[in-house]
There are 2 protein chains.
Amino acid sequence: MKLTKISEIRRKELRQAAFEVLQQEGMAGATLEKVATHAGASKGIVLHYFRNKQDLFEQAMREANASLRDAVNARLNRARTPHERLEAIIEGNFEERFFRPSICHAWLSLCAEVPREPQLARIQKVIHARMRSNLMSALVHLLPRNECNAVALAITALIDGLWLRLGLQSEGLTREMALAQMKDYLTHRIPRTGD
Amino acid sequence: MKLTKISEIRRKELRQAAFEVLQQEGMAGATLEKVATHAGASKGIVLHYFRNKQDLFEQAMREANASLRDAVNARLNRARTPHERLEAIIEGNFEERFFRPSICHAWLSLCAEVPREPQLARIQKVIHARMRSNLMSALVHLLPRNECNAVALAITALIDGLWLRLGLQSEGLTREMALAQMKDYLTHRIPRTGD
DNA sequence: CATTTAACTGACCCATTGGTCAATATTTGA
DNA sequence: TCAAATATTGACCAATGGGTCAGTTAAATG
């Protein structure tokens, strides 16, 4: 396959560099210069491959999202029962390689721009729609129809809230605690049918 | 009382102006010039009252937090039972005047800076400690000791998650829906003792 | 090999912005 | 009333950073 063209390689490197710089510097501090240096290139090349700064970080967000999506999908493919599907979604969202303060910092910086950048808002919308769709596909088999929406929203909010906590107080919230939280919610909210 | 000195008035005006500009412009866009103009003053005066931009926004965050704290405390003072205390905390956190997209946008911008500004991190820590303390003072009467921590964290995460949702998708989440979510969680998680 | 195309660099431009400062207006209060 | 303190302004500075561009190197392709 010819997707390994040099241009695609560079683009990917730069998207990842952008996301990594974002983790430590925030949006304002994530300079084109810093991104370039971090990727071992010059500033000029960044703007050769991306229209402008917004474009770069929009694509960086896309990439980070795709990565998370793939992790969840991989688990979903292995899931057999609705319960397992729920588990897959949740554990995918708390995988070690993602559930890290610095990653959360990058997401926070991106989310903070959403209100002023329609492109980022669009991505955010997609993310939420997918989460909701995934959750519903499991919940409809576990709950009365009229409760599914509420529970899907609650699970989403819980995940987001725990991520936020991780970002705001780096110490004090481990992956295990977060997963325990989610489990606690599910056991109290979803009737147990011969799990 | 001599708290009505002109300097205190100005400071308050500028803190609020800063927070309001933050709502629409984000941290990077919230220029000293814009804040000054928004308060009907000149840029010079802002730096006359605040050491620098960080100082200004740190105090803006303090003020916004104090406002929220007061709202919750007012409700807490009226609460008689543990259930009412829980209700007070939750409804205080979703009061109409606070639970607005633009307000959430400002908070998002501040939170995104937390990882790089120890001062903001300190405030964030205080906020979380207060929330936790308030919740525990009610939960210890409603749950076995060893479950209180988990439920307090879950409630906090839920509130944060719902706020985040409001900020990321301005339409589609009303105050009533958010409150219904919280109530749904409580009814399923906390045993009902002759409420 | 030669020529077209793409990758890449570094210098440059210009607008923005945080911050300083000297000068002016206003208030205070003795 | 008058001086000391405080409030307020606007000009100015230095730095930064996004974006453009002309030109150079390297790759591809026929």
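Below, read A as the first sequence line, B as the second, and so on, with proteins coming before strands; counting in each chain starts at 1.
The aromatic rings of B:Phe99 and B:Phe94 sit perpendicular, their planes meeting at an angle over 60°, well past the 30° parallel limit.
Remark: C1' of C:dA15 and NZ of A:Lys53 are 15 Å apart, rounded to the nearest angstrom. The CD1 atom of A:Ile45 sits 13 Å away from the C1' atom of D:dT24 (whole-angstrom rounding). Residue A:Ile9 contributes atom CD1, which lies 13 Å from atom P of D:dA27 at whole-angstrom precision. Atom-to-atom, CZ of B:Phe57 to P of C:dG18 comes out at 8 Å; the value is rounded to the nearest Å. Regarding A:Gln54, its CD atom lies at a distance of 17 Å from the P atom of D:dG17, rounded to whole Å. The interatomic distance linking B:Asp55 (CG) with C:dG19 (C1') rounds to 13 Å, in whole Å. Between the CZ atom of A:Phe50 and the P atom of C:dC8 there is a distance of 12 Å, given to the nearest Å. Remark: P of D:dA15 and CD of A:Glu33 are 16 Å apart, rounded to the nearest angstrom.
For A:Arg132, the CZ atom is loosely surrounded, since the number of other residues' heavy atoms within 6.0 Å does not exceed 12.
For B:Arg10, a side-chain nitrogen or oxygen approaches OP1 or OP2 of D:dT8 to under 4.0 Å. A sub-4.0 Å separation between OP1 or OP2 of D:dG10 and a side-chain N or O of B:Ser42 is absent. Residue A:Tyr49 places at least one side-chain N or O closer than 4.0 Å to OP1 or OP2 of C:dC8. Between D:dA7 and B:His48, a contact under 4.0 Å exists linking OP1 or OP2 to a side-chain N or O.
As judged by a 4.0 angstrom heavy-atom cut-off over every strand, A:Leu32 is placed among residues touching the sugar-phosphate backbone only.
In this structure, B:Arg189 pairs ionically with B:Glu147, as a charged nitrogen and a carboxylate oxygen lie closer than 4.0 Å. Between B:Arg75 and B:Glu84, none of the side-chain N atoms (NZ, or NE/NH1/NH2) sits under 4.0 Å from a carboxylate O, so this pair counts as no salt bridge.
Where A:Gly44 and A:Ala30 each meet DNA chain D at their nearest nucleotide, the meeting point lying more 5' is that of A:Ala30.
Under 3.5 Å, the side chain of B:Lys43 and the base of C:dG18 form at least one donor-acceptor pair of N or O atoms.
The side-chain heavy atoms of A:Leu56 and A:Leu32, taken from C-beta on, include a pair separated by under 4.5 Å.
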